[in-house]
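Input: a single structure, listed below in structure tokens.
Keep in mind that the numbers below use all heavy atoms, side chains included, and drop hydrogens, waters and symmetry copies.
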Amino acid sequence: MAARENEKRLPADLMRSLSIEVEATAPHRDMSLREIAALRPGSVLRLTSGPRNSIELRSGGRRLASAELAQSGGKFAVRIVNNVNIRGKR
């Protein structure tokens, strides 16, 4: 019986140890080709949203969580606001 319990736990344990790439995306902004061509190092893109507005965390095209921009130890970070469960629902 104990062996069967270990078999059931093994996939979940493996899933918890997997590494996946996660991207944090800020609100999008439409730009003309002229604006894009004018971008240079140091250019500032003004967004209609403030830094406290929602950032999306995504992986493999699926939404994982909502977050907001934050600072931690002098570096930019994202603070999770709302998780999405494993089936993709809020």
Side-chain angles (χ1 to χ4, degrees):
M1 186 86 173
R4 281 187 122 175
E5 288 176 9
N6 284 338
E7 287 175 10
K8 288 181 183 178
R9 277 189 260 147
L10 183 61
D13 290 343
L14 284 175
M15 288 188 64
R16 284 189 210 104
S17 67
L18 292 175
S19 293
I20 62 170
E21 186 174 312
V22 176
E23 62 183 33
T25 58
H28 293 90
R29 176 183 175 197
D30 291 331
M31 296 177 68
S32 68
L33 287 175
R34 180 180 306 224
E35 290 173 307
I36 292 169
L39 291 175
R40 299 287 180 262
S43 294
V44 175
L45 298 178
R46 300 201 187 279
L47 302 174
T48 56
S49 304
R52 287 282 198 202
N53 287 12
S54 186
I55 303 293
E56 275 194 357
L57 294 183
R58 302 181 72 81
S59 181
R62 296 189 105 173
R63 187 170 166 262
L64 303 175
S66 294
E68 62 186 20
L69 283 177
Q71 278 194 311
S72 177
K75 296 183 180 184
F76 287 108
V78 291
R79 180 179 298 119
I80 304 300
V81 175
N82 185 11
N83 283 5
V84 175
N85 73 26
I86 201 157
R87 292 193 176 117
K89 298 177 184 174
R90 279 187 189 222

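Atoms CD1 and CG, on I80 and L57 in that order, are 4.5 Å from each other to the nearest 0.5 Å. The distance from the CD atom of Q71 to the CZ atom of R79 is 10.5 Å, given to the nearest 0.5 Å. Considering CD of E68 and CG of N82, their distance stands at 11.5 Å, rounded to 0.5 Å.
Heavy atoms from other residues, nucleotides or ligands lying under 6.0 Å from CG of L33 number 12 at most.
Sorted by first and then second residue, the salt bridge (Lys or Arg N to Asp or Glu O under 4.0 Å) pairs involving residues 25-39 (not counting sequence neighbours) are R29-E35.
Both L69 and V22 belong to a single network of hydrophobic side chains, linked directly or stepwise wherever heavy atoms of I, L, V, M, F, W or Y lie under 4.5 Å apart.
Annotation: side-chain contact (heavy atoms from CB on, under 4.5 Å) contacts of A26 (sequence neighbours excluded): L47, I55. For S72, the side-chain contact (heavy atoms from CB on, under 4.5 Å) test picks out A77, with sequence neighbours left out.
In summary, R58 and E23 do not engage in a salt bridge, as defined by a charged side-chain N under 4.0 Å from a carboxylate O.
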